[in-house]
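Since the structure comes first, as structure tokens, the remarks are kept for the end.
A note on names: the letters A, B, ... follow the listed sequences, proteins ahead of strands, and every chain is numbered from 1.
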There are 2 protein chains.
Amino acid sequence: MKAGRPAQRGQCAKRLSILEAAAAVFCREGFSGASIDEIAAEACVSRQTIYNHYREKETLFTAVVEDVMDRSNAALFSVLATFPDTADNLENELTAFAVRLNQSCLCNHDGKFLRKLVYSEGERYPHLFETWRQHGPGKVGSALAALFSRLAHKGVLAIDDLDLAARQFLALVNADLQMTVLFGETPSDDLLERTARNAVRTFLRAYGVQHPAPAEA
Amino acid sequence: MKAGRPAQRGQCAKRLSILEAAAAVFCREGFSGASIDEIAAEACVSRQTIYNHYREKETLFTAVVEDVMDRSNAALFSVLATFPDTADNLENELTAFAVRLNQSCLCNHDGKFLRKLVYSEGERYPHLFETWRQHGPGKVGSALAALFSRLAHKGVLAIDDLDLAARQFLALVNADLQMTVLFGETPSDDLLERTARNAVRTFLRAYGVQHPAPAEA
DNA sequence: GTCAAATTAGACAGTATTGTCTAAAACGTC
DNA sequence: GACGTTTTAGACAATACTGTCTAATTTGAC
């Protein structure tokens with residue numbers, strides 16, 4: 001009867017197991033298609049346990065989505081922290097950055113889950129996904145814009161609209177891979193590298209300063 | 001008892017009505033979430049009629065998807081036919097083209113339906129959507145590449161990889177709007193115009209030939 | 001008007017699902 | 001080892017959906 005959290009290890013493990021299984025099943029079947037029994041089986045847990053932790057299917061769903069969003073956002077910003085700081089070898093550095101971005105935010109489980117769910121259930125849960133939109137892609141745009149501005153100040157990039165450039169960078173980097181991942185294929189490292197390099201080259205042709213400083217002085 | 005098509009007008013009208021209603025409901029609720037009763041009600045048709053025309057839910061679903069794909073592809077290629085032929089005012093012409101593309105292929109009912117369905121049910125019907133992928137986005141890529149090649153021959157564009165440029169053009173043009181449309185918002189004409197112009201400007205900075213012919217001769 | 005085909009409303013069986021409930025078992029802590 | 005909590009399996013009612021069937025009605029061509 002002591003205060004505190006009795007048997008939290010067990011509970012916590014169950015919760016995690018449920019969240020993980022639920023994410024997989026919701027992603028595979030969508031909200032209506034997913035059945036609690038299926039989730040329970042995949043989590044190796046009894047149905048009642050799920051109802052104990054999450055009152056009803058809807059509660060479980062929002063908990064899963066919030067969980068994945070948190071993880072996904074964390075991954076996103078941890079990759080943003082690796083944005084190149086030096087201007088040497090800009091193409092290579094940006095390419096490597098783009099590869100990291102695609103690997104940890106687009107081509108992994110969480111990324112695929114979120115994209116599928118945003119598309120299939122987004123309109124039904126506007127609040128849930130609006131939050132994601134603002135804190136995820138929204139913030140990434142501004143954060144990336146800020147990072148580009150550093151490079152612009154160094155004179156390696158010539159950007160008039162930073163936010164626009166950030167969104168276009170993301171569009172170029174993501175474009176080809178979304179559909180690939182969606183259909184269950186896992187892009188090879190080589191494909192990731194080539195896609196990223198193509199995107200970065202085009203981006204640099206549009207926004208890069210051609211020759212460091214030929215005249216003007 | 002005459003051969004031919006008895007009462008085809010009536011039948012045809014019902015079929016269209018069913019297809020339209022089914023598309024709306026499948027788009028809103030997904031495959032599992034959609035109920036035949038709901039579709040019947042929305043089509044103002046009895047449930048039995050649906051079962052008469054389409055043997056079962058799955059048959060109806062594939063019929064709907066194929067129908068929307070056909071319409072969507074037709075729209076796509078009819079827009080492709082308006083690709084600018086002259087090199088004067090390239091920015092304006094390409095911008096107008098991009099606006100048309102977004103309007104008739106991305107921001108309309110069919111476009112939204114396909115994107116939602118490809119995302120939510122694509123993995124369950126690989127064959128169905130693989131066909132779409134090849135005949136829709138796939139063919140659009142090559143077709144656009146061929147059109148760009150005409151401009152390249154005229155010396156207004158400098159493109160080494162035509163397919164890549166086509167995909168990047170589409171990525172830049174589509175990027176911002178997909179999410180907007182998804183969440184039920186209809187982008188204003190002004191937004192469409194600005195998005196397209198931004199995309200085209202960046203594309204031209206990357207692939208455009210700066211000054212028609214300053215030296216070299 | 002006649003006749004065949006199409007459509008309708010509704011009942012119906014079969015199945016699946018959600019969410020509740022209960023009693024037994026497992027678990028963890030002391 | 002005892003005790004309270006958590007978990008489990010299963011029964012359970014309530015509901016919803018699919019797909020079939022039937023009998024009555026409407027439709028459209030001739």
Sugar-phosphate only, base, or nothing, as touched by A40(A) at under 4.0 Å among non-hydrogen atoms: nothing

How many Å lie between [atom1] on [X] and [atom2] on [N], as a whole number?
X: I50(B); N: dA9(C); atom1: CD1; atom2: P; answer: 12 Å
X: E56(B); N: dT18(D); atom1: CD; atom2: P; answer: 12 Å
X: E58(B); N: dC17(D); atom1: CD; atom2: C1'; answer: 15 Å
X: Y51(B); N: dT22(D); atom1: OH; atom2: C1'; answer: 17 Å
X: E29(A); N: dA16(C); atom1: CD; atom2: P; answer: 14 Å
X: Y54(B); N: dA6(C); atom1: OH; atom2: P; answer: 14 Å
X: I36(A); N: dT20(C); atom1: CD1; atom2: C1'; answer: 13 Å
X: L60(A); N: dT17(C); atom1: CG; atom2: P; answer: 15 Å

I want to verify a distance call: between [options], whose nearest atom is closest to the [X] side chain?
X: S46(B); options: dA9(C), dT18(C), dT18(D); result: dA9(C)
X: R47(B); options: dC12(C), dA11(D), dT18(C); result: dC12(C)
X: T49(B); options: dT8(C), dT7(D), dG19(D); result: dT8(C)
X: Q48(A); options: dT8(C), dG10(D), dA11(C); result: dG10(D)
X: K57(A); options: dT8(C), dG19(C), dT18(D); result: dG19(C)

Between CD on residue Q103(B) and CG on residue N108(B), distance to nearest 0.5 Å: 9.5 Å

Phosphate contact (dT8(D) OP1 or OP2) by K14(A) side-chain N/O below 4.0 Å: yes

Contact under 4.0 Å: H53(A) side-chain N or O vs dT6(D) OP1/OP2: no

Residue whose nearest DNA chain C nucleotide is more 5′ - E38(A) or C44(B): C44(B)

Less than 3.5 Å apart, which donor and acceptor atoms pair up between the side chains of residues 169-178 of chain B and the rest of the protein, not counting sequence neighbours?
| from | atom 1 | to | atom 2 | distance (Å) |
| --- | --- | --- | --- | --- |
| N174(B) | ND2 | L170(B) | O | 3.4 |
| D176(B) | OD2 | R167(A) | NH1 | 2.6 |
| Q178(B) | OE1 | Y119(A) | OH | 3.1 |

Member of F83(B), Y207(B), F97(B) meeting the ring-ring contact (aromatic ring centres under 6.0 Å, His included) criterion with F148(B): F83(B)

Sidechain N-carboxylate O distance under 4.0 Å for R28(A), E123(B): no

F183(B) six-ring centre to R133(A) NZ/CZ under 6.0 Å and within 45° of normal: yes

